[in-house]
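One structure is given here, and the rest of the page talks about it.
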2 protein chains.
Amino acid sequence: MLISTKGRYALRVMIDLAEHQTDDFISLRGIAQRQEISEKYLESIIRMLVKARVLESLRGKGGGYKLKKAPEQYTVGSILRLTEESLAPVSCLEEGSDACPKAGKCRTLPLWQGLDKVINEYLEGVTIADLMEQGDVGDNYVI
Amino acid sequence: MLISTKGRYALRVMIDLAEHQTDDFISLRGIAQRQEISEKYLESIIRMLVKARVLESLRGKGGGYKLKKAPEQYTVGSILRLTEESLAPVSCLEEGSDACPKAGKCRTLPLWQGLDKVINEYLEGVTIADLMEQGDVGDNYVI
DNA sequence: TATAATCCTAGCAGGAAGGTAGGAATTGAA
DNA sequence: TTCAATTCCTACCTTCCTGCTAGGATTATA
């Protein structure tokens, strides 16, 4: 499995915020209740999004979260990359992993590179806006 | 990460057997040494391939393993499906998992179905023969 | 000052990945 | 017949990650 609950929940948070967008901040509690996810767990996920400056936050009464940009400007890939350690299909392609000494003569490396490319292109071709309403999806978002 | 060492090693076994194909059976020890993988671990992986009737085996002296079909006839996807529990990118698409009660109104399900499709199409488009010699790769096997 | 909210650190249970160990069964050859 | 080479089978172990929980510190509003 490539995508953990962290990544899936992060996307659902983004969609929820996009769908309930106003000038006000939206509280964790509201998101958690609508999405039926534990507040405490969701908290840790949302904090990643705040740290990555994808969300704006405000503490104290009336506080909460808000998207920083328009939903069209967030690709699915850019969000998943924040919560998943890596989207690489195999460990040898993970960022920060040293180049494999056998890379030159590896029979399968090109296979994994190709798979990686296909996955990334797909995930970069879909935005949060595309996910908001089924039936009004982007060109790249074809099942 | 989508693909475990089990899957990667299984592919390497298939390639090794394809490249050293004769009428004789090829021993586990030989494969393990060429691929620099622990004999004991490789043994458990190869047994999956034998059980799935992808390989033919012979016990005793002079025994070993052999491909049952030509390398062109094994897609990468068909091999990986034997060793990986599931190639689905998210748990809700795994075979045998009950349909999610929220599937009807799920904002992200089509996203995952699309990703699943892209991954499977890619992996079905490459065969063991494609992996044998770089430079002589199939049409679908483009980086 | 009370209350509502986010921030922060720590920890934990369960399962899977990756690998090891030891021996039983089978086959071919001396 | 016996020995050596080989696959088959079962059990186990360690380490890491996922998914989740707990408890409190900090900040803003009314």
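Note on naming: letters A, B, ... go to the chains in the order of the sequence lines (proteins, then strands), and numbering restarts at 1 for each one. The shown structure was predicted, so the numbers you read here are calculated from the model rather than taken from an experiment.
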B:Met48 CE to C:dA17 C1': how many Å, rounded? 11 Å
Report the nucleotide, chosen from C:dG18, C:dC8, C:dA29, that has the shortest atom-to-atom distance to any side-chain atom of B:Lys61. C:dA29
Is the shortest side-chain N/O distance from B:Ser38 to OP1 or OP2 of C:dG19 below 4.0 Å? no
Would you say B:Lys51 has more than 12 foreign heavy atoms packed within less than 6.0 Å of its NZ? no
Return no unless some side-chain N or O of B:Ser4 is found under 4.0 Å from OP1 or OP2 of C:dA16. no
Whole angstrom value for the distance that separates C1' of D:dC8 from CD of B:Glu56: 16 Å
Rounded to whole angstroms, how far apart are OH on B:Tyr9 and P on C:dT20? 10 Å
Could you state the atom-to-atom distance from CD1 of A:Ile45 to C1' of C:dT6 in whole Å? 16 Å
Separation of B:Thr127 OG1 from B:Met132 CE (nearest 0.5 Å): 9.5 Å
Under 4.0 angstrom, heavy atoms only, what part of the nucleic acid is B:Glu85 near: base, sugar-phosphate, or nothing? nothing
Using a cut-off of less than 4.0 Å, is there contact between a side-chain N or O of B:Ser57 and OP1 or OP2 of D:dC8? yes
Please determine whether any donor N or O and acceptor N or O are separated by less than 3.5 Å between the side chain of A:Arg59 and the base of D:dA28. no
Base, sugar-phosphate or nothing for B:Leu28? Non-hydrogen atoms, less than 4.0 Å. sugar-phosphate
Separation of atom CG in B:Leu42 from atom P in C:dG18, rounded to whole Å: 14 Å
Residue pair B:Val50/A:Arg8 against DNA chain D: nearer the 5' end by closest nucleotide is B:Val50
Kindly say if A:Thr5 contacts the phosphate of D:dT18, meaning a side-chain N or O under 4.0 Å from OP1 or OP2. no
Between D:dA5 (P) and B:Leu58 (CG): distance, integer Å: 16 Å
Kindly check if the number of other-residue, nucleotide or ligand heavy atoms within 6.0 Å of CD (B:Glu39) is above 12? yes
When all nucleic acid strands are considered with a 4.0 Å heavy-atom cut-off, which category describes A:Tyr65: base, sugar-phosphate, or nothing? sugar-phosphate
Nearest-Å distance, NZ (B:Lys40) to P (D:dT14)? 18 Å
When rounded to the nearest 0.5 angstrom, what distance separates CD in B:Glu84 from NZ in B:Lys6? 8.0 Å
Just so I know, are the side chains of B:Arg12 and B:Ile37 near enough to count as touching, which here means a heavy-atom distance under 4.5 Å? yes
Separation of A:Leu2 atom CG from D:dT18 atom C1', in whole Å? 15 Å
Presence of donor-acceptor pair under 3.5 Å, side chain of B:Glu43 and base of D:dC9: yes
